[in-house]
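Since the structure comes first, as structure tokens, the remarks are kept for the end.
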Amino acid sequence: MPPLSAHARAPKQGRSRLSFERIIEGTIDLLRERAYDQITLADICERSEVSTGSLYGRVAGKDELLRVVQVRFLERLAEQFTDEAARIEREATGLAQVVPAVVQSLGNLLRENASVLRSFMLRGPTDAAINAAGKKSAEENHAKFIRLLKACGKEIRHPQPDRAIDSGLLLVYATQARFLGLDSFGGKGEDADWHDLLDDLSDMMLAFLLFTPPKR
């Protein structure tokens, strides 16, 4: 059971806990289908097969529910990043393999979860708790991939390898997020464009890490 916000009431009985689990899962399912602002509590209750009274017995409203849902969702996302980082570490050798593996894994994880992440990102500017949780999650997840890149440090020619890795991955993430429309409604582009984008970002990231800038 995910930790609740300061005002959410933790269910004590087994039946109540199961009902609240269905509410959380039902909300995630709906967020995969449409935007947060297009979902009502009635929709959530219908999908979860629970009464409105049962929902209000746990949270004060939709915004508080979204915070609880975010905790659960980000926990699962963290597990996906951990699994992907472990896979890359097993299968990729050297900078030329690790860079595209990281770029593609980051992009595909964002794409698979884009519809739900979009709701959190759009809500973040007006909800400090959601904004803080989202930033913390991104930092921790990106750190798992950054570690893989830093393990190839001997191959990096940029005079400031840590800075180059951080800046490069930030630009990769920002470009992927914009393509997927994480800061707006709906994704951008076609499948072919997406795969081309991942290839181009991989090439640019690798070139940047192997680049020796002129002295200024």
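Throughout, residue positions are numbered sequentially from 1 according to the sequence presented. It should be emphasised that the depicted structure is a prediction, and the values quoted were computed from it without experimental measurement.
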Checklist entry - Hey, is the main chain of Ile39 close enough, under 3.5 Å, to the side chain of Lys62 for a donor-acceptor pair? => result yes

Item to check | Taking every non-hydrogen atom, the tightest pair across Val98 and Cys152 | outcome: CG2-SG, 3.8 Å

Next on the checklist: Run the side chain to side chain contact (heavy atoms under 4.5 Å, CB included) test on Glu155 and Leu209 for me, step by step, so that the C-alpha distance in whole Å, both residues' side-chain angles and the decisive distance to 0.1 Å come before the verdict.
Outcome noted: CA-CA 9 Å; Glu155 298 180 56; Leu209 295 179; over 6 Å; no

Checklist entry - Heavy atoms, side chains only, cut-off 4.5 Å: are Glu33 and Leu30 in contact? => result yes

Checklist entry - Are Glu21 and Arg72 side-chain neighbours, meaning at least one heavy-atom pair lies under 4.5 Å? => result yes

Item to check | Straight-line distance of Leu122 CG to Leu117 CG, nearest 0.5 Å | outcome: 11.0 Å

Checklist entry - Got Val59 and Arg67 here, is their nearest side-chain heavy-atom distance under 4.5 Å? => result no

Item to check | Side chains of Asp127 and Asn131 in contact at under 4.5 Å (non-hydrogen atoms) | outcome: no

Checklist entry - Just checking, is any N or O donor in the side chain of Asp199 or Ser202 under 3.5 Å from an acceptor N or O on the other one? => result no

Next on the checklist: Using the rule given for side chain to side chain contact (heavy atoms under 4.5 Å, CB included), can you reason through Leu149 versus Met205, listing the C-alpha separation, both sets of side-chain angles and the distance that settles it, and then say yes or no?
Outcome noted: CA-CA 11 Å; Leu149 294 166; Met205 178 81 171; 3.8 Å; yes

Checklist entry - If you round to the nearest 0.5 Å, how far is CD of Gln70 from CD1 of Ile24? => result 12.5 Å

Next on the checklist: Quick one: does any side-chain atom of Lys144 pair with a main-chain N or O of Ala78 as donor and acceptor, under 3.5 Å?
Outcome noted: yes

Item to check | Residue pair Asp193, Phe179: steps toward the side chain to side chain contact (heavy atoms under 4.5 Å, CB included) verdict | outcome: CA-CA 10 Å; Asp193 298 330; Phe179 183 97; 4.0 Å; yes

Checklist entry - Parallel under 30°, tilted from 30 to 60°, perpendicular over 60°: which one fits the rings of Phe208 and His158? => result perpendicular

Checklist entry - So, for Leu31 and Ser119, which heavy atoms are closest and what is the spacing to 0.1 Å? => result CD2-OG, 3.4 Å

Next on the checklist: salt bridge (Lys or Arg N to Asp or Glu O under 4.0 Å) for Lys135 and Glu140? Distances and angles first, verdict last.
Outcome noted: CA-CA 9 Å; Lys135 286 184 176 180; Glu140 292 176 349; over 6 Å; no

Checklist entry - Within a radius of less than 6.0 Å around CD of Glu49, do more than 12 heavy atoms belonging to other residues, nucleotides or ligands occur? => result no

Checklist outcome for this item: Taking every heavy atom of Leu198 against every heavy atom of Gly107, the minimum-distance pair comes out as CD2-CA, 4.3 Å

Checklist entry - Can you tell me how far OH of Tyr56 sits from OG of Ser51, rounded to the nearest 0.5 angstrom? => result 11.5 Å

Checklist entry - Within a reach of under 6.0 Å around CZ of Arg157, are more than 12 heavy atoms found that belong to other residues, nucleotides or ligands? => result no

Checklist entry - Does atom CD of Glu46 have more than 12 heavy-atom neighbours from other groups under 6.0 Å away? => result no

Next on the checklist: Among residues at least two apart in sequence or on other chains, which ones pass salt bridge (Lys or Arg N to Asp or Glu O under 4.0 Å) with Asp166?
Outcome noted: none

Item to check | Arg163 atom CZ, neighbour heavy-atom count above 12 within 6.0 Å | outcome: no

Checklist entry - When rounded to the nearest 0.5 angstrom, what is the spacing between OG1 in Thr27 and CZ in Arg22? => result 12.5 Å

Item to check | same_hphob_cluster(Leu201, Leu170) at 4.5 Å side-chain heavy-atom cutoff | outcome: no

Checklist entry - Are Ser115 and Arg34 linked by a side-chain donor-acceptor pair shorter than 3.5 Å? => result no

Item to check | salt bridge (Lys or Arg N to Asp or Glu O under 4.0 Å) between Arg147 and Glu89, intermediate numbers included | outcome: CA-CA 10 Å; Arg147 178 181 63 81; Glu89 192 167 26; 3.3 Å; yes

Next on the checklist: Side chains of Ile156 and Ile165, heavy atoms from C-beta outward: is any pair under 4.5 Å?
Outcome noted: yes

Item to check | From Gln80 atom CD to Arg76 atom CZ, the distance as rounded to the nearest 0.5 Å | outcome: 9.5 Å

Item to check | Check: Thr126 side chain, Arg123 main-chain N or O, donor-acceptor pair, under 3.5 Å | outcome: yes

Checklist entry - When you look at Phe20 and Leu55, which way does the side chain to side chain contact (heavy atoms under 4.5 Å, CB included) test go after all the steps? => result CA-CA 7 Å; Phe20 198 57; Leu55 189 152; 6.0 Å; no

Next on the checklist: Applying ring pair (Phe, Tyr, Trp, His ring centres under 6.0 Å) to Tyr36 and Phe120, what does each step give before you reach the verdict?
Outcome noted: CA-CA 8 Å; Tyr36 167 77; Phe120 300 147; 8.8 Å; no

Next on the checklist: To the nearest 0.5 Å, what is the distance between CD on Gln97 and CG on Leu206?
Outcome noted: 11.0 Å

Checklist entry - Between Arg32 and Val116, is there a donor-acceptor pair closer than 3.5 Å when you use the side chain of the first and the backbone of the second? => result no

Checklist entry - Is there a side-chain contact between Leu169 and Val103, using heavy atoms and a 4.5 Å cut-off? => result no

Checklist entry - Quick one: does Ser137's side chain get under 4.5 Å of Glu75's, heavy atoms only? => result no

Next on the checklist: Could you tell me if the side chain of Lys136 sits less than 4.5 Å from the side chain of Leu74, heavy atoms only?
Outcome noted: no

Checklist outcome for this item: Only one of Asn108, Leu109, Leu106 passes side-chain contact (heavy atoms from CB on, under 4.5 Å) with Glu84, and that residue is Leu109

Checklist entry - Do the side chain of Arg111 and the main chain of Gln176 share a donor and acceptor less than 3.5 angstrom apart? => result no

